[in-house]
Every structure is written in structure tokens, then in C-alpha cells.
2 protein chains.
Amino acid sequence: MKSIAENTINRLIVYKKELGRLLKDSVSNVYSHKLAQLSGFPSHLVRRDLMNVGYYGSPAHGYKVNELEKCISDFLCTPDYVRVILIGVGNLGRAILDYCNQQNPKISIIAAFDSDKNKVNKIYHGIYTFHIGSVQNYIKENDIKVAIITVPGSEAQKIASEIVESGVNGIVNFTPVRLQLPDDVYIENLDMMLGLEKVVYFVDGG
Amino acid sequence: MKSIAENTINRLIVYKKELGRLLKDSVSNVYSHKLAQLSGFPSHLVRRDLMNVGYYGSPAHGYKVNELEKCISDFLCTPDYVRVILIGVGNLGRAILDYCNQQNPKISIIAAFDSDKNKVNKIYHGIYTFHIGSVQNYIKENDIKVAIITVPGSEAQKIASEIVESGVNGIVNFTPVRLQLPDDVYIENLDMMLGLEKVVYFVDGG
DNA sequence: TTTGAATTGTGAAAATAATCACAATGTGAA
DNA sequence: TTCACATTGTGATTATTTTCACAATTCAAA
């Protein structure tokens, strides 16, 4: 498998989403310039990226929206169906439950976990909440590979270590803690404060 | 102002946070290797980054935690106090209100806005919620430059255009919509689904 | 059929970022 | 004082990413 830059992956995911939207609007063809405008990246970068995934358009009609969408999806090898769990059903966790399952039919949050007894056995946005104590068994029995962590920072490292031990090797980490985990675990840190600080930097400083 | 790569800024923000934590633990000195381990970046990159901000440690004692923290803060020129508003008081908006104001004393969310009359005039996590109709005036009167958008995707573009027109030039966009705005507006897109898709890619695809 | 306009695909160049390797520095022990 | 050690700071190198520039392609219209 040829190695593709992380930035390229980011952009492909954005293209894919925009293509999905075009598809919904029954747009059948799109030019690199249009895709560039929609995604916010320059058009030559769009073309370069599409080269990487191996899709070829035509100079006359640009790219076929449905084919390209399919092609990027295949490339990202979003498999038929990925099952994900969410740990920590606070405000943020519930927001994610609400949001995620309406966005991508191929990636589903299939269970939630929390330590609060008032939340356990409840259903939030269609997802059943189990007690955190059962998470390791759940991961093993259902062969879960990806988890979203939205617990308080103080608990993040402990839980992360446990789920990795049980077989998880991809984590979306919404806590402000930098998790210390084996190198083969892919961690995507989505600390919201970081995004805000960056904006403040580029607005005031730069 | 010399131009610093966005990636460097990202890392600096992470260092700053880890330094803050060390400071709390009364650690007075830190070596690049330690900072590397905490932040997850290689140590030579840490040293290179610190070169960029112009802080110099000593081979014997590494870096002084308090000085370095101060130096990075100054470099990021997080000014004395930045006032930010949040638009859209749903699950996600409330989670952010809860989370942000306890993280960085120099950046505060000072007001929230929503169109739902049941939320207007309420206080969530200490922040007063105004009706969305008043947001343009509020921005002008209080000279707001940065906003967090957590409204439904369908409303995002309209609101973004309005607030930019009123003077905002930095946006943290939590909606899945790619906002079309003038080039001088800095936009940080934090689409949560994107993070999840990325993890799925790197876990399953390789 | 030929021309013209728009767009793609891509080699090559430029710009940017990350890594390496090591001299310089300071410290503590002998 | 001298030596050994660990660490910093940085020039040089390597690798990666982005941009440029233009030939090749396709179609519609004359």
C-alpha cells in the first residue's frame, strides 16, 4: 500500500463529503475548480489528490460525481460497515451520538458506555448505554477496533489503556489529555480548545 | 512577522498545555525528550520548534518550565484576554461552554446565542444566552473577533456571513458545512465526523 | 472537418518540513 | 582541575508537499 500523506487523507474526506452533497442535489459532473471552491483547497491540489486515488476525469466533463465519490470511498476503504463505540455520555458524548449517526451510514456508533448509574441502561439518540465495567468484554466479543473517548480528562488514560488492551487500535480522543499508548494505535486528538487557540493566534497574531 | 507553519503552531499549543500541567505539578525543569514524550512529537522537532519561538534552554538543565510556558504564550500572543462568542446552544454548544471556560483563563466565551426561545435568556454553564437576532449588534458593540459556530449545518453559512459582516474574522466551525467566506477570515473546521473517518482509514486501510 | 475554449493530468521546480549529526555547553564526580 | 556524560542548538541534508506550467484531451460550433 503506497503511503499517502495525512493531509491528503484529510482533503479526500472533505471531497467525499462535498461529492455526497452534490450527489444529493443530483449534480452529475463536477470540475476541479468547483470542487476546489467547495472544499476550500486550490484546484491543482484537488487534481493532484485525485491522481493519487487513481481516478481520471475528462477534460470536457470534469469528473463524474457518483464515480468519483465511489472511488474515494473505496480508496479510503471505508469498509461496508464500521462499528464504533463511544465512551463517556456527557454533553459532548450525547452531541456526538446525535450528530454522527446521521452523517455517515457506513460508520455507526453501536454502543455507549458510562460510569454514571443514572445513565447506564438508558438510550440516547438511539444508542444503548452500558456500564463502563463491561467495555472490555464488549470490545472482545464484538471485535471493536475504533472508539471515541469523551470522558473527563482525569479518566482518559486509564480507559484508553484498557480498551487498547482489549483490541482497540484507533481512538478519537476528545479529552485534553495526550494519551500515552503503543505506537501502533492511531490517535486522533480533537481537543476543542486547541482549535480555538489556533484561531485566536491567526486572528490576533498573524 | 515571520511566518510560522501551521503545524508548528499546533505543536506549540500542545507544548504550552503540557507545560501548564507540569507547572501545576511544581516541576521546574524539563528536557526536550520529556516534552517530546508528553506531547507525542519527536524531541528534535521540539527543539526546532523552540528555536522558532526564540527560547533557549541550557544543556545541563533543559528548559525552565515557567519561562518556557510564558515564552510560548507570548509568542502565540494570546493577548491578556480574548472574548469569544458561541452561536448555537445545542448539546454540542453546551458541552463547549462547559469545557472551554475552565481550560484557558485568557480565552473566555462571554456570550451565547440561539434562535430557540426556550433557550434565550437562560444561563448555561455561567454564560448568558441571547437571541440570535441580536448577534450582529453584540459583535459591533463589543468588538468581537472570534466566534464558535455550533448551529445546525443548514444555518451555518447564513450566520457565518452575518457575523463576518459585523466584524468577526476568526471562526471555529463545528458544522459539517465548508463555509464560503472572504480569504481574510480564518476558519478552523472541526468536523467531528472527519476525525472519525480518518481514524477508520488509518486503522483499517493501513 | 477544422477551430477554439475549457479542462485535465503530470513532469519539473519551488517551497516547506522533518531529520540527522555533531560541535558547543554546562555539570558533577574523581 | 580534568574527564565523562547528557543535553542543547543548528547547519546541512533529506524527504515531502505544493505549485507551476503546459501538452494532451474532448467537445461544441462554425
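None of these values were measured; they are calculated from a predicted model. Chain A is the first sequence line, chain B the second, and so forth, proteins listed ahead of strands; every chain is numbered from 1.
For B/R11, the listed nucleotide lying nearest its side chain is C/dA18; candidates were C/dT8, C/dA18, D/dC20. Between D/dA21, D/dT18, C/dG11, one nucleotide has an atom nearer to the side chain of A/L45 than all others, and that is D/dT18. Distance from the side chain of B/R48 is smallest to C/dT19 among D/dT19, C/dT27, C/dT19. Closest approach to the B/M51 side chain among D/dG9, D/dT8, C/dA17 is made by D/dG9 (side chain taken as heavy atoms from C-beta onward). Among the nucleotides C/dT8, D/dT8, D/dT17, the one closest to any side-chain atom of A/N7 is D/dT17. Of all nucleotides listed (C/dA17, D/dT10, D/dT8), C/dA17 comes nearest to the side chain of B/A5. The side chain of A/S32 approaches C/dT8 more closely than any other nucleotide in the set C/dT25, D/dT10, C/dT8.
Between the NZ atom of A/K34 and the P atom of C/dT8 there is a distance of 13 Å, rounded to whole Å. Note: CG (B/L68) to P (D/dT8) measures 11 Å, nearest angstrom. The separation between A/Y55 atom OH and C/dT10 atom P is 14 Å, rounded to whole Å. Between the CD atom of A/E6 and the C1' atom of D/dA15 there is a distance of 16 Å, rounded to whole Å. Rounded to whole Å, atom C1' of D/dT18 lies 10 Å from atom CG of A/D49. Atom pair A/R47:CZ and D/dC22:C1' shows a separation of 11 Å (rounding to whole Å applied). Taking atom OH on A/Y63 and atom C1' on D/dT25, their separation rounds to 13 Å, with Å as the unit. In this structure, B/N52 places its CG atom 12 Å from P of D/dG9, rounding to the nearest Å.
Taking only side-chain nitrogens and oxygens, A/Y56 never comes nearer than 4.0 Å to OP1 or OP2 of D/dT25. OP1 or OP2 of C/dT27 lies within a sub-4.0 Å distance of a side-chain N or O belonging to B/H61.
Defined by atom type and a distance below 3.5 Å, a donor-acceptor pair is present between the side-chain atoms of A/D191 and B/Y99. B/E165 and B/S161 share no side-chain donor-acceptor pair at under 3.5 Å.
Map A/H44 and A/S58 each onto its nearest nucleotide of DNA chain D; the residue landing nearer the 5' end is A/H44.
Residue contacts shown for B/T8 are absent, as no nucleic acid heavy atom lies under 4.0 Å away.
The aromatic ring centres of B/Y138 and B/F113 sit less than 6.0 Å apart.
The pair B/R21-B/E18 counts as a salt bridge, with a side-chain nitrogen and a carboxylate oxygen less than 4.0 angstrom apart. Under 4.0 Å is where a charged nitrogen must lie from a carboxylate oxygen, and between A/E197 and B/K17 no such pair does.
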